[in-house]
There are 2 protein chains.
Amino acid sequence: APLQQSRNSIRLLSGILAVNILLLGSALVCGAAFSKVKVLSDEEMHIYLTILLILTTAWMIFYMVHTASQTQAVLYKDSHAGPIWLRGGLVLFGVASLIMDIFKIGYSTGQLNCESPVKVTFPLVQLVFVVVQTYFLWVHSKDCVQKESNITGCGLMLTLATNLMLWMSAVADESLHQTGVEALKPNGSFSHLRDGSMFFKAGGSECECTHSACGIFEKGFYYLYPFNIEYSLFASAMTYVMWKNIGREIDDCSHHKISFRAKGIVFGVIAGLLVVIAGLGVFIVYEVEVTGDESKKRVLIMYYIFSIVGLILMSLVSLAGSIIYRFDKRTVVSTKNPTRSLDVALLLGAALGQFLISYFSIVAIVAEKNTRTISILNLTCSCLIILQLCLQNVFIIEGLHKQPYHAEPPVVCVVFINEGTSRSNPYSPSLRNDNDEPSPAENSLELSSHSHGFRSTTHSSSSRMSWKRRALKEISMFLLLCNVIFWIIPAFGARPQFDNGLEEWVYGFSMWVAIVNIGLPFGIFYRMHSVASLFEVYLTS
Amino acid sequence: APLQQSRNSIRLLSGILAVNILLLGSALVCGAAFSKVKVLSDEEMHIYLTILLILTTAWMIFYMVHTASQTQAVLYKDSHAGPIWLRGGLVLFGVASLIMDIFKIGYSTGQLNCESPVKVTFPLVQLVFVVVQTYFLWVHSKDCVQKESNITGCGLMLTLATNLMLWMSAVADESLHQTGVEALKPNGSFSHLRDGSMFFKAGGSECECTHSACGIFEKGFYYLYPFNIEYSLFASAMTYVMWKNIGREIDDCSHHKISFRAKGIVFGVIAGLLVVIAGLGVFIVYEVEVTGDESKKRVLIMYYIFSIVGLILMSLVSLAGSIIYRFDKRTVVSTKNPTRSLDVALLLGAALGQFLISYFSIVAIVAEKNTRTISILNLTCSCLIILQLCLQNVFIIEGLHKQPYHAEPPVVCVVFINEGTSRSNPYSPSLRNDNDEPSPAENSLELSSHSHGFRSTTHSSSSRMSWKRRALKEISMFLLLCNVIFWIIPAFGARPQFDNGLEEWVYGFSMWVAIVNIGLPFGIFYRMHSVASLFEVYLTS
């Protein structure tokens, strides 16, 4: 109880800290972005962000040098936290953020004569921050801090708040930039917005650049913004898990080392690969042809038809998976697992971004009573996205909560032995004979993990289980591949939300830009996260 | 485990339902409020709300007639849920909402010739809804539903989503109205906003009213809007608790019947009453004098000085209370209690509204480098509000988690006997002698609750405890009274946020109206909630 109490008070204090940082920051961002009178500019915001970045970097270095090096400070590691896809994604987006910062520095040095020095300092500081944070999260994301948890709690909340502030300011910057570009177009259909727009300040920057590479730098860093936004989201998720793990004592050391084998899973892989290849084709054609006015319409229709077919298939398959789970007698994992709950929360939360965009599209199309082919296709597609996300979430969440096949709740430490290694292991034959008598039918598609120390209870019904497990594996593999392609298309720059032009017209460009810029990064995060979760479902079923 | 699983799946499904309703609704609200082209109007929004209201009303009637009348459907009642202050507040604000609806109907009937019939239907349906919902929550807010929890879960989430939608549309309506009124002022300082404003549609309603009472009705219902907003927040909180309680089995029947006695608590009451009286004086002068241009400045200075003095006192007292808790050896209640956690979450969440307003004020004043007396006072006041809310939250949360004096964690059912009744009770003397030997010093200020069935362990140090308990009681009583006056001033219509005019100028009127209309109802809710929580702290310490 006293331990619980101290954990609660740490959470309360550090939570209050983070809320204060975020609210002050959002006042600055809103003031700079929306204010009509030029009292607040980007400058205050950048000074604030620079201070936050320096503080966070200092704390992370302090943590790595001082806390983590202490014996007893980190006694436990949470094996579920910071999985490889999250850390890999962090590094990938971190590298893109570094390049963006270099471009920004190059751009700002050309404007030193007329802009304030804060604009150069900020990307420099951010560069250091990204390097330090990526290293910090790569090495320490599994830590369950036990000592000095008060400082660590506040430090982690500071890191979380800083990342969310970076996310917020990047979204605002990106929206301002897009609105500015749109408003400058001479024959743009949104020229009526130029005065009334909330973001009207973006159009006019009087400062001239002194060197010739400026244009390239500017273009470059606006292309890299989405990656930076994703980087902030990834870092936030990992920091939050670390914060939740403060003072936690992991009581089971069961590290499920289940090796991956796709043997026998044919339909799912083939169908999934077909969707991926078709999607890549559509994506390439889309990117090439979308610039022309006449061809734009054609590629949009193509894009929507591909999406509709893909989404229908995914919905049906998810539904089938959920129905199979109804007949699945496996026990549900009921032990508390913060990372698992967080996984589920992130999955549901990130889906909200896509929901937001879809509902705004639906309302716009229905209200406008537009009956062009593109609008009808867009409407169908938006409805299907919502349906698909709901069904897929239900399928994944049910799957994650099931006990893995061949693995009963571990009473003592359970060591899973990889079949590949156990064949070359002199002890493996006896182990196999002791514990496991796989039926020939199951052998071809069984998971190569053998539980050691108890008898598996699912064997009695192994032949009946077999088709269910196979079906679940096929389903999760198919969904995984589909999610990959639905991740690739928006992540690498396809924006049908802007290209079809309807929602812009209904909501106004600036508002639609804000909605898409908030919703889409979450949508991309959702696809990546569901790929990882589906992989886990594949392994455990 | 299977029970837990079914609870989780109900939560998942009903949560997805609520999210979908809310996102579709927010697309409609945003489209109607912000859209530049008149594709979306209020009408779609009102149709959507009417459908939601009818569905929710139907479900509530179904619940009351069918589910709640079944035996076994509601086996347990959560004694912590739906406390009297929440239900009382609900009825109070419900009555105001009813009057508002009647005014609205009166107003709309005059416009029947030119406006759509939806505008009359909606307040009629809302009237029925408010009556049914208030009765429903008054009677059933403590239910822990066991049977047909699937339907109940979805029904409660539908109710929650409907209330949040009503809240959202009321906030949007109120903001539109205020912006419209401001833009119509001929010599208003915001006439430059008339074209550029996000809300520019609000100014022009061409429909003429056919009867003479229209003006009165319109004024009336805009005065009553804030109460309707509070009503929606109250109903949302209660519905959420009911939803959390689905399938819950309450295992302790310890109903702490602790009677209230203010005997011996002198300083807190006197100091608190002085603050309340001073506050009432300031409030009345403020309301009377704020209309004049010259006197406005004077009353604003008076208001800010009163707030600063009050907030400093409250901050110091909360801090002293938290320090006393550090030396308090009482055990912490560690049993899981959803209503308690929700109490804490609501306290922290509702404080965000006030934080939001304060941070936006601070940023505006600092950015503008305004050094008028009013601005300096406003800045000081905003900073103190943040400080005070943080300190008070820490004090209340620590207090709520302490075990009540004289009450050890109940192992069996513990019956608390009220001293007042036990004196007239023939069995009480023997009970007293058996269980309790209060020391004379403690007698005067002890809680009149005697634990039955075990010996109190705090008695050994009763004389040392005494001053701590007394101090805690004085502190919570003083804070309670101060929170009452800081509730009254904004709840009954003082709006220094608009009267000082600075933030409006920095952020633009429409944005500042939106911030205040979102933040202030939460601030008012926070003060009411903290009064209730402080009362509980008073009773248990």
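Below, chains carry the letters A, B, ... as their sequence lines are ordered, and counting in each starts from 1.
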query: Does the side chain of B:Leu347 come within less than 4.5 Å of B:Gln392's, by heavy atoms?
result: no
- prompt: What part of B:Ile362 lies closer than 4.5 angstrom to a heavy atom of chain A: side chain, backbone, both or neither?
  reply: neither
field: Atom group of A:Ile515 that falls short of 4.5 Å from chain B, counting heavy atoms
entry: neither
- prompt: What part of B:Leu348 gets closer than 4.5 Å to chain A, counting heavy atoms only: side chain, backbone, both or neither?
  reply: side chain
query: Of all of A:Asn393, A:Ile16, A:Leu12, A:Val366, which one pairs up most often with chain B through heavy atoms under 4.5 Å apart?
result: A:Leu12
message: For a side-chain contact (heavy atoms from CB on, under 4.5 Å) check, start with the C-alpha distance between A:Val506 and A:Trp512, then their side-chain angles and the critical distance, and finish with the verdict.
response: CA-CA 9 Å; A:Val506 172; A:Trp512 184 239; over 6 Å; no
task: Scan side-chain atoms only and decide if B:Ser361 and B:Glu503 contain a donor-acceptor pair under the 3.5 Å cut-off.
output: yes
- request: Select one option (side chain, backbone, both, neither) describing which atoms of A:Leu352 are under 4.5 Å from chain B's heavy atoms.
  value: both
query: A:Val516 versus A:Phe360: any side-chain heavy-atom pair under 4.5 Å?
result: no
- prompt: Heavy atoms, side chains only, cut-off 4.5 Å: are A:Tyr325 and A:His401 in contact?
  reply: no
message: What part of A:Val394 gets within 4.5 angstrom of chain B, counting heavy atoms only: side chain, backbone, both, or neither?
response: both
